[in-house]
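Okay, structure first, notes after.
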Amino acid sequence: MAEKKIDILTFSLAEIKEFLVKKGEKAFRAKQIHEWLWKMPVNSFEGMTNISKDLRTLLNDNFIIQSVKVDDMQISKDKTVKVAFRLYDGALIEGVLIPSENRATACISSQVGCNLGCEFCATGKLGLLRNLSHGEIYHQVAELIKLAGEKYNLSLTNIVLMGMGEPLLNYDNVLKAMNMVSSEEGLRMSPQRITLSTVGLPRMIKKLADDKVKFNLAVSLHSANDKKRTEFIPANKRNSLDELKESLIYFNEKTGQRITFEYLLMDGINDSVKDAAEFAEYCKSFPVKINIIEYNSTGDSRFKRSSNEKFNAFVIFMKSKNLVVNVRRSRGMDIDAACGQLAGKKRE
Ligand code: SAH
Ligand code: SF4
């Protein structure tokens with residue numbers, strides 16, 4: 001049986017060099033190949049135009065480039081673009097480009113599906129197929145950079161790990177990919193422009209703190225009441241709000257960074273003044289920034305968007321407690337590209 005080809009994206013520059021030398025090729029070619037893989041990524045060895053045909057054939061015989069290919073694209077009225085990426089094994093994931101006047105944000109996936117099963121989330125209904133490799137995570141960013149330039153003449157300014165999956169359950173690959181995004185060898189984007197969003201896994205948050213990460217941490221809180229939170233976020237059962245708080249205090253102490261809380265307002269579920277009061281109380285232990293988010297329909301009739309009245313009252317209450325509050329209105333809803341709607345559905 002033919003040997004399985006190796007994903008060249010798992011090779012460091014030094015390893016590519018070693019491979020070339022072993023095959024009698026010039027070592028300096030390694031840098032060129034590495035640049036084609038990361039700095040100005042191509043999807044095939046064919047695309048490495050300054051490399052000889054023989055060397056490209058040698059690479060092709062030994063490696064694959066396990067990156068992501070744009071399979072389908074939908075554009076919203078508000079210019080948000082949802083991209084379906086096809087992976088080497090046929091699986092589909094989604095990424096979203098959110099342009100605005102002077103910035104462009106890439107929302108990328110960390111897993112194919114998610115096994116945490118939050119009741120309000122379309123991705124949660126899929127279950128987990130597999131983790132993404134660090135190359136697959138990184139290359140979504142690279143593709144969305146190309147798209148932002150070609151379509152809107154914009155540079156990518158921000159990255160949010162808010163697509164499909166729970167990034168802290170694919171810890172090593174997510175960190176590797178984000179390190180590469182920030183590195184000289186990669187896209188040289190400042191980690192301050194990257195936000196990792198998590199359902200809130202205390203053990204992994206402490207690990208982020210120990211690893212002294214420089215990107216922003218957002219926690220999808222959605223309720224500061226254990227009983228209530230467990231009803232729609234099953235993962236809360238194993239990770240209580242007290243444990244979460246303790247890990248966030250630790251994170252703040254170790255990294256000096258403030259915490260972002262995401263709070264999704266769902267009609268009659270977590271949008272009362274009492275809910276707001278519990279939330280404000282929870283915010284007291286560390287510096288926070290709060291994003292209040294509109295609920296996006298996923299076809300589950302148990303969950304509905306809060307009325308404007310309730311939404312505004314919630315925001316006003318939080319602001320009255322002197323908290324930094326942003327309101328996040330949905331983008332790309334007409335094409336199911338908004339938060340929580342990513343489910344890898346193919347267009348008919
Ligand atoms: N697993 C991570 C990141 C992916 S989900 C997390 O849970 O944070 C990205 C964000 O979308 C989270 O804040 C999540 O709570 C939110 N979300 C999920 N379903 C949603 C929906 N139907 N409407 C709006 N936001 C939703
Ligand atoms: Fe997974 Fe996040 Fe969706 Fe929950 S909200 S199911 S953790 S992707």
Side-chain angles (χ1 to χ4, degrees), residues 80 82 93-96 98 105-132 137 140 158-171 174 178 194-202 204-205 208 215-224 229-239 244 248 259-267 269-271 279 289-306 311 326-345:
T80 299
K82 178 164 80 166
I93 50 162
E94 289 176 334
V96 184
I98 309 151
T105 301
C107 172
I108 57 165
S109 295
S110 54
Q111 300 183 302
V112 188
C114 179
N115 63 3
L116 293 180
C118 301
E119 303 282 345
F120 46 79
C121 171
T123 311
K125 303 255 184 315
L126 296 173
L128 178 70
L129 206 57
R130 68 170 172 88
N131 277 337
L132 296 181
I137 298 169
Q140 293 171 69
N158 297 75
I159 299 173
V160 294
L161 279 147
M162 289 190 188
M164 296 163 74
E166 169 49 52
L168 296 187
L169 291 180
N170 187 12
Y171 189 93
V174 165
M178 291 308 109
I194 303 172
T195 300
L196 180 150
S197 173
T198 173
V199 74
L201 306 172
M204 303 314 288
I205 290 172
L208 284 176
F215 49 70
N216 303 298
L217 178 66
V219 176
S220 304
L221 200 69
H222 310 333
S223 171
R229 192 168 190 261
T230 303
E231 277 169 22
F232 45 85
I233 303 182
N236 191 68
K237 202 171 177 163
R238 281 165 278 121
N239 308 281
L244 179 60
L248 294 174
I259 314 293
T260 299
F261 280 132
E262 311 280 340
Y263 197 106
L264 175 59
L265 281 179
M266 298 177 279
D267 183 39
I269 291 188
N270 62 351
D271 60 352
F279 183 23
K289 187 177 103 183
I290 293 165
N291 290 333
I292 310 276
I293 312 169
E294 283 182 315
Y295 172 71
N296 301 309
S297 169
T298 60
D300 186 325
S301 58
R302 287 173 301 166
F303 303 103
K304 278 202 298 289
R305 176 174 290 196
S306 297
F311 194 103
N326 294 309
V327 171
R328 287 284 152 91
R329 299 284 174 192
S330 295
R331 299 279 309 263
M333 259 199 319
D334 53 331
I335 54 164
D336 283 353
C339 268
Q341 293 186 318
L342 303 183
K345 267 187 293 185

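Counting starts at 1 for both ligands and their atoms, following the listed order. Any value given below was found using the heavy atoms of this structure, including those in side chains, with hydrogens, waters and symmetry copies removed. Counting from 1, the numbers follow the sequence of the chain as shown.
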Going by heavy atoms in the side chains, are V112 and L128 under 4.5 Å from each other? no
Out of H222, R328, R305, E262, who gets a non-hydrogen atom closest to atom 14 (C) of ligand 1? H222
Should N170 and I137 count as side-chain neighbours, where that means a heavy-atom distance under 4.5 Å? yes
Decide whether the shortest distance between a heavy atom of S220 and an atom of ligand 2 is less than 4.0 Å. no
One residue to check: C114. Relative to ligand 2, which of side chain, backbone, both or neither has a non-hydrogen atom less than 4.0 Å away? side chain
Counting backbone and side chain alike, does C118 bring an N/O/S atom below 2.8 Å of atom 4 (Fe) of ligand 2? yes
Shortest non-hydrogen separation from I194 to F215 and the atoms involved: O-CB, 3.4 Å
Is A122 in contact with ligand 1, taking contact as a heavy-atom separation below 4.0 Å? no
Check L168, V174, T198, T195 against L161 for a side chain to side chain contact (heavy atoms under 4.5 Å, CB included) and give me the one that passes. V174
Those atoms of ligand 2 less than 4.0 Å from some heavy atom in L116: 7 (S)
For V199 and E166, which heavy atoms make the closest approach, and how far apart are they? N-OE1, 2.9 Å
Do ligand 1 and G165 have nitrogen or oxygen atoms that lie under 3.5 Å from each other? yes
Backbone, side chain, both or neither: what part of T198 comes under 4.0 angstrom of ligand 1, heavy atoms only? backbone
So which of G127, S197, A235, C121 gets nearest to atom 3 (Fe) of ligand 2, if we judge by its closest heavy atom? C121
Within a distance under 4.0 Å of any heavy atom of G124, pick out the atoms of ligand 2 and give their elements. 6 (S)
So, regarding S220 and ligand 1 (criterion: nitrogen or oxygen to nitrogen or oxygen, under 3.5 Å), is there a contact or not? yes
If I compare all heavy atoms of C114 with all of G165, which pair ends up nearest, and what's the gap? CB-CA, 4.0 Å
Could you give the distance from SG (C107) to CE (M164), rounded to the nearest 0.5 Å? 11.0 Å
Give the atoms of ligand 1, by number and element, whose distance to some non-hydrogen atom of T298 is under 4.0 Å. 22 (N)
Heavy atoms, side chains only, cut-off 4.5 Å: are H222 and I233 in contact? yes
Numbered atoms of ligand 2 (with element) below 4.0 Å of G165, judged on heavy atoms: 8 (S)
Which is it for N296 and ligand 1 at heavy atoms under 4.0 Å: side chain, backbone, both or neither? both
Please report whether ligand 1 has a polar contact with G163, defined as an N or O pair separated by less than 3.5 Å (distance criterion only). no
Under a 4.5 Å cut-off applied to non-hydrogen side-chain atoms, are Q111 and L129 in contact? no
Run the numbers on F120 and Y295 for ring-ring contact (aromatic ring centres under 6.0 Å, His included), then give the verdict. CA-CA 9 Å; F120 46 79; Y295 172 71; 7.4 Å; no
List every atom of ligand 1 that sits less than 4.0 Å from any heavy atom of E294, numbering the atoms from 1 in the order shown and giving each element. 24 (C)
